[in-house]
Trainee: 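One structure, as structure tokens, below. Some questions next.
Model, not experiment: these values are computed from the prediction.
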Amino acid sequence: MDWIPIVFGTFKALVLGTGMFFAIKWHYDQGKKGEGRAVLRASGKVMALFTLSLLGLGFVTFLVVRMLGMDLTFP
């Protein structure tokens, strides 16, 4: 039983490392095609969507916490 985390951890690291390598290679190859502006525009849209989602989640969390009457003050 002591070897299971070692084997699974090694397998996980290999799979994730391989996936990251091919993802970076694919994005690099896409950038070399001359679509630099399109890539920057798409990444800006994704970043804006992520930021809005994060702000929305924080706002909803704040409303739920206030609705349940939880104390938000620090000691």
Trainee: When you group the ILVMFWY residues by side-chain heavy-atom contacts below 4.5 Å and let the links chain together, are Leu49 and Met47 in the same group?
Mentor: no
Trainee: How far does CH2 of Trp26 sit from CZ of Phe21, to the nearest 0.5 angstrom?
Mentor: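 So the gap between those two atoms works out to 15.0 Å.
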Trainee: Which value, rounded to the nearest 0.5 Å, describes the distance between Thr61 atom OG1 and Met70 atom CE?
Mentor: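 Thr61 OG1 to Met70 CE: 10.5 Å, rounded to 0.5 Å.
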Trainee: Ignoring hydrogens, what is the shortest heavy-atom contact between Ile6 and Thr10? Give both atom names and the distance.
Mentor: O-OG1, 2.7 Å
Trainee: If hydrophobic clusters are built from ILVMFWY residues whose side chains come within less than 4.5 Å, do Leu52 and Phe50 share one?
Mentor: no
Trainee: Indicate if Met67 and Phe59 have the same hydrophobic cluster label, given that clusters are the connected sets of ILVMFWY residues with side-chain heavy-atom separations under 4.5 angstrom.
Mentor: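 Shared cluster, no.
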Trainee: Group every Ile, Leu, Val, Met, Phe, Trp and Tyr by side-chain heavy-atom contacts under 4.5 Å, then state whether Met20 and Phe22 land in the same group.
Mentor: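 Hydrophobic grouping puts Met20 apart from Phe22.
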